[in-house]
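Down below is the structure, laid out as structure tokens.
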Amino acid sequence: VGRNLKSVYLTKPCVKKKLILVIIAIKLTLVAYAQPALKIMGGINLNRLANKYSALHPDFRQFAYNSQGENNIGYHVGVALNLKINANFSFQPELVIFQRGARLSNHRFDINYIDLPLLIEYTPAKKLGLQAGPVFSYLLWAKWFSSLQQKRVNYSDAVEPFTMGATARLTYRVQEK
């Protein structure tokens, strides 16, 4: 009478076999949908430094507080692997080298990270997709360039080596699969 209902139910050989068959069926369904698609990506991006970097160098304060500061033109290049979960959902890990930074007249500050976004994609229509997920970033290098002083300074030790964030994207496929 004091026995746990779960232990009584799972001790029957018939129930264990059915449970194993259900687990195998689920795994086979996922494997059938998981046809990986390798993607190569690249592009340019515009960005500015946040106020947290203004203490690194006196000129950085101008980047953070001067309205005449210009967007830094950076780049990103990487690969992604899209794994279908079902007809509408997929998992897409990426590995991307991403340049962030800022510019102001003759000064430029570049921060290069390697990013690892782990995205879930929802595809409500054939060509339209919504992606979201966490992004883990590791610092490759941080450098300050001054064309006036003909000087380059490495600031990698002053910048956080590991950051974490989130991303959301709207995607549109030009070609059908």
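What you see below is based on every heavy atom in this structure, not just the backbone, and it leaves out hydrogens, waters and symmetry mates. Fair warning: this is a prediction, and the values are worked out from it, not measured in the lab.
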Nearest-0.5 Å distance, [atom1] of residue [X] to [atom2] of residue [Y]:
| X | Y | atom1 | atom2 | value |
| --- | --- | --- | --- | --- |
| Leu116 | Met164 | CG | CE | 12.0 Å |
| Ser90 | Leu119 | OG | CG | 9.0 Å |
| Glu121 | Leu83 | CD | CG | 11.5 Å |
| Trp141 | Ile111 | CH2 | CD1 | 12.5 Å |
| Leu38 | Ile40 | CG | CD1 | 6.0 Å |

pair [X]-[Y]: side-chain heavy atoms closer than 4.5 Å:
| X | Y | result |
| --- | --- | --- |
| Lys39 | Leu81 | no |
| Thr123 | Thr171 | no |
| Arg100 | Tyr113 | yes |
| Tyr75 | Ile97 | yes |

Shortest non-hydrogen contact from Asn112 toward Gln99:
OD1-CG, 2.9 Å

Note: Pro124 and Asn88 closest approach over all heavy atoms is CA-ND2, 4.3 Å

Tell me whether the rings of Phe98 and His76 are parallel (<30°), tilted (30 to 60°) or perpendicular (>60°).
parallel

Sequence neighbours excluded and cut-off under 3.5 Å, please list the side-chain donor-acceptor pairs for residues 130-140, or say none.
residue	atom	partner	partner atom	Å
Gln131	OE1	Arg169	NH1	3.2
Ser137	OG	Asp115	OD1	2.7

Can you list everything that forms a side chain to side chain donor-acceptor pair (under 3.5 Å) with Asp157? Sequence neighbours excluded, please.
none

Residue list, side chain to side chain donor-acceptor pair (under 3.5 Å) with Lys143, at least two apart or on another chain
none

Intermediate values then yes/no, side chain to side chain contact (heavy atoms under 4.5 Å, CB included), Leu170 and Leu128:
CA-CA 8 Å; Leu170 176 65; Leu128 187 65; 3.6 Å; yes

Leu95 vs Ile114, test: side chain to side chain contact (heavy atoms under 4.5 Å, CB included). Steps then yes/no.
CA-CA 7 Å; Leu95 198 56; Ile114 189 156; 4.1 Å; yes

hydrophobic_cluster_shared for Met41 and Phe91, side chain cutoff 4.5 Å:
no

